[in-house]
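Counting starts at 1 for both ligands and their atoms, in listed order. Scope of the values below: all heavy atoms of this structure, side chains included, with no hydrogens, waters or symmetry mates.
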Amino acid sequence: MKYKEIFMKRAIQLAKNGLGFTSPNPMVGCVIERNGFVLSEGCHYKKNIYHAEFIAINNIKNKHLFFNCTLYVTLEPCIHFGETAPCVDLIIRKNIPKVVIGIQDSCEKVKGLGIKKLRKYGIEVIENVLVDQCRILNKRFFTFYEKKRPYIILKWAQSNDGFIYSKKIKNNWISGIYARQLNHKWRSEEDGILVGRKTVLNDNPKLNVRRWFGKNPIRIFIDKKLNISNSHFILDGSQHTIVFTNTNKKNQKNIEYIQISFKENIIYQILNFLYKKNILSLIVEGGKNTLENFIKENLWDECRIFVSKIVLKNGLKAPEIGGFISKEMNLDKDKFIIKLQN
Ligand SMILES: NC(=O)C1=CN([C@@H]2O[C@H](COP(=O)(O)OP(=O)(O)OC[C@H]3O[C@@H](n4cnc5c(N)ncnc54)[C@H](OP(=O)(O)O)[C@@H]3O)[C@@H](O)[C@H]2O)C=CC1
Ligand SMILES: Nc1c(N[C@@H]2O[C@H](COP(=O)(O)O)[C@@H](O)[C@H]2O)[nH]c(=O)[nH]c1=O
Ligand SMILES: [Zn+2]
């Protein structure tokens with residue numbers, strides 16, 4: 001690995017500490033290097049608190065150390081006033097002579113303007129170092145700004161012979177305990193989790209994060225005629241929940257009822273609403289009909305399938321999906337497959 005890539009790799013590693021906590025902001029990591037040594041590091045741990053560059057820069061108390069140093073950052077530094085002051089201005093003020101950037105920001109407020117301003121002030125800027133890795137790091141953020149919708153992950157568990165449900169299985173659990181735990185980790189990383197009405201009726205899911213540490217995603221479900229009764233966990237008000245319905249209903253504690261038209265395609269309306277709510281990512285956990293509606297519209301970015309060793313012979317067939325396998329791993333008695341769009 002080349003010199004620049006080594007420090008950028010470390011910055012990416014630091015950025016990953018923010019997974020599940022930074023949305024709607026991106027995950028960002030920063031390293032300040034001088035003569036081959038790391039002087040300081042920072043990462044954006046949580047939305048509304050310091051940016052990675054701010055932390056790394058403010059760790060350095062001796063201003064003479066900025067002479068001849070290089071700041072590595074996974075994403076173009078910000079130029080706008082948000083919750084914090086622009087990082088570009090801080091870099092200029094500290095006389096940092098060189099900035100190495102992983103990838104340009106896609107958000108309209110920044111989008112190359114940060115780089116332009118740094119160069120205007122005579123700072124040497126090197127762009128696109130480990131650009132592909134920096135893009136994957138913030139796949140949710142880039143999809144949100146470029147496609148104007150959340151990053152969509154479809155997820156289900158299936159038997160070895162391809163069924164997602166059968167009367168034969170106890171409590172509807174196909175995958176094992178480790179897969180369930182991993183699934184809770186996955187939930188903690190996304191802003192929203194969506195299921196269809198029949199899944200709520202059949203499984204009475206909680207859709208929270210209880211087998212892992214982290215925040216709960218916003219629960220979302222489709223219930224055209226408001227058939228789901230308050231006795232279901234999903235309407236217990238324990239976490240923010242959104243119900244997409246045909247019917248006009250007043251919001252309750254932690255429950256938002258959003259009226260949409262079922263005469264038109266509802267997936268686009270849901271995604272549009274979530275985009276306006278700054279929801280960067282969505283995990284769709286079934287059932288078959290709901291997943292297939294996303295697949296039909298080609299509205300997905302990633303698909304995660306748990307494949308169990310059990311054989312069911314009949315039941316509800318798993319959805320069919322294209323894409324290519326990017327990862328396949330064994331997890332105790334199960335296997336999981338991650339597919340990406342071609
Ligand atoms: N193994 C696994 O990973 C999982 C298995 N399951 C299993 O799957 C089964 C449920 O799946 P399935 O029967 O397909 O039902 P779904 O859970 O997908 O719910 C389908 C219903 O949701 C509403 N809906 C969903 N998408 C749309 C859309 N685009 N437009 C309009 N309405 C929509 C409709 O409600 P309405 O009828 O009110 O119009 C539709 O009938 C359960 O048995 C459950 O146990 C569920 C999740 C995961
Ligand atoms: N059956 C099945 C899954 N089912 C999904 O998990 C939901 C239940 O969530 P919770 O109530 O929070 O535990 C259920 O409604 C469905 O969306 N998931 C899996 O990883 N493996 C499985 O075998
Ligand atoms: Zn910033």
Next item on the list: Assess the pair Phe144 and Tyr275: is the distance between their ring centroids shorter than 6.0 Å?
Entry: yes

Margin query: For the 3.5 Å polar cut-off, considering only N or O atoms, please tell me whether Lys198 and ligand 1 meet it.
Written below: yes

Next item on the list: Check each atom of ligand 1 against the heavy atoms of Tyr165 and keep those under 4.0 Å away; list them by number with element.
Entry: 43 (O), 45 (O)

Next item on the list: Answer with side chain, backbone, both or neither: which part of Ile267 has a heavy atom less than 4.0 angstrom from an atom of ligand 1?
Entry: side chain

Note to self: If the cut-off is 4.0 Å to any non-hydrogen atom of Gly286, which atoms of ligand 1 fall inside it?
What the structure shows: 47 (C)

Contacts table for residues 92-114: side-chain donor-acceptor under 3.5 angstrom, sequence neighbours left out:
| residue | atom | partner | partner atom | Å |
| --- | --- | --- | --- | --- |
| Asp105 | OD1 | Cys107 | N | 2.9 |
| Ser106 | OG | Glu146 | OE2 | 2.6 |

Margin query: Can you confirm if the aromatic rings of Tyr257 and Phe244 lie within a centre distance of less than 6.0 Å?
Written below: no

Margin query: Within the 4.0 Å heavy-atom shell around Lys288, which atoms of ligand 1 are there?
Written below: 11 (O), 12 (P), 14 (O), 18 (O)

Notebook entry, point to check: Considering only heavy atoms, which of Asn293, Ile305, Ile222 lies nearest to atom 23 (C) of ligand 1?
Noted result: Ile222

Next item on the list: Check each atom of ligand 1 against the heavy atoms of Ile164 and keep those under 4.0 Å away; list them by number with element.
Entry: 1 (N), 2 (C), 5 (C), 8 (O)

Check: Can you name the residues that form a side chain to side chain contact (heavy atoms under 4.5 Å, CB included) with Glu320, not counting sequence neighbours?
Finding: none

Notebook entry, point to check: So do the side chains of Ile60 and Phe66 get within less than 4.5 Å of each other, counting heavy atoms only?
Noted result: yes

Check: Mind checking whether Gly287 has an N or O less than 3.5 Å away from an N or O of ligand 1?
Finding: yes

Notebook entry, point to check: Under 4.0 Å from any heavy atom of Asp203, which atoms of ligand 1 are there?
Noted result: 44 (C), 45 (O), 46 (C)

Margin query: Is it the case that the side chains of Tyr72 and Glu41 hold a donor-acceptor pair, with the cut-off being a distance below 3.5 Å and no angle test?
Written below: no

Notebook entry, point to check: Counting only heavy atoms not in Phe233, do more than 12 sit closer than 6.0 Å to its CZ atom?
Noted result: no

Check: Asn172: heavy atom below 4.0 Å from ligand 1, yes or no?
Finding: yes

Notebook entry, point to check: For ligand 1, is there an N or O atom under 3.5 Å from any N or O atom of Asn227?
Noted result: no

Next item on the list: Could you list the atoms of ligand 1 found under 4.0 angstrom from a heavy atom of Glu285?
Entry: 47 (C), 48 (C)

Check: Relative to ligand 1, is Lys225 under 4.0 angstrom through side chain, backbone, both or neither, heavy atoms considered?
Finding: neither

Notebook entry, point to check: Quick one: which ligand 1 atoms are inside 4.0 Å of a heavy atom on Leu316?
Noted result: 8 (O), 9 (C), 11 (O)

Check: Do ligand 1 and Ala157 have nitrogen or oxygen atoms that lie under 3.5 Å from each other?
Finding: yes

Inventory of protein N or O atoms under 3.5 Å from ligand 2 N or O:
| residue | atom | partner | partner atom | Å |
| --- | --- | --- | --- | --- |
| ligand 2 | 1 (N) | Asn172 | O | 2.8 |
| ligand 2 | 6 (O) | Glu285 | OE1 | 3.4 |
| ligand 2 | 9 (O) | Arg187 | NH2 | 3.0 |
| ligand 2 | 11 (O) | Lys206 | N | 2.8 |
| ligand 2 | 12 (O) | Arg187 | NH1 | 2.8 |
| ligand 2 | 12 (O) | Arg187 | NH2 | 3.4 |
| ligand 2 | 12 (O) | Leu207 | N | 3.0 |
| ligand 2 | 12 (O) | Arg210 | NH1 | 2.9 |
| ligand 2 | 13 (O) | Arg210 | NH2 | 2.8 |
| ligand 2 | 15 (O) | Asp203 | OD2 | 3.0 |
| ligand 2 | 17 (O) | Glu285 | O | 2.9 |
| ligand 2 | 18 (N) | Lys155 | NZ | 2.8 |
| ligand 2 | 20 (O) | Lys155 | NZ | 2.7 |
| ligand 2 | 20 (O) | Ser175 | OG | 3.4 |
| ligand 2 | 21 (N) | Ser175 | OG | 2.6 |
| ligand 2 | 23 (O) | Ile174 | N | 2.5 |
| ligand 2 | 23 (O) | Ser175 | N | 2.9 |
| ligand 2 | 23 (O) | Ser175 | OG | 3.4 |

Next item on the list: Decide whether Glu302 and Tyr151 meet the rule of one side-chain donor and one side-chain acceptor closer than 3.5 Å.
Entry: yes

Item checked: Sub-4.0 Å atoms of ligand 1 with respect to non-hydrogen atoms of Trp156 -> 3 (O)

Item checked: Nearest protein heavy atom under 4.0 Å from atom 46 (C) of ligand 1, yes or no -> yes

Note to self: Evaluate Lys155 for polar contact with ligand 1, using N/O atom pairs at a separation under 3.5 Å.
What the structure shows: no

Check: Relative to each other, are the rings of His51 and His44 parallel, tilted or perpendicular (30° and 60° limits)?
Finding: perpendicular

Next item on the list: Give the total of protein N/O/S atoms at a distance below 2.8 Å from the Zn ion (ligand 3).
Entry: 3

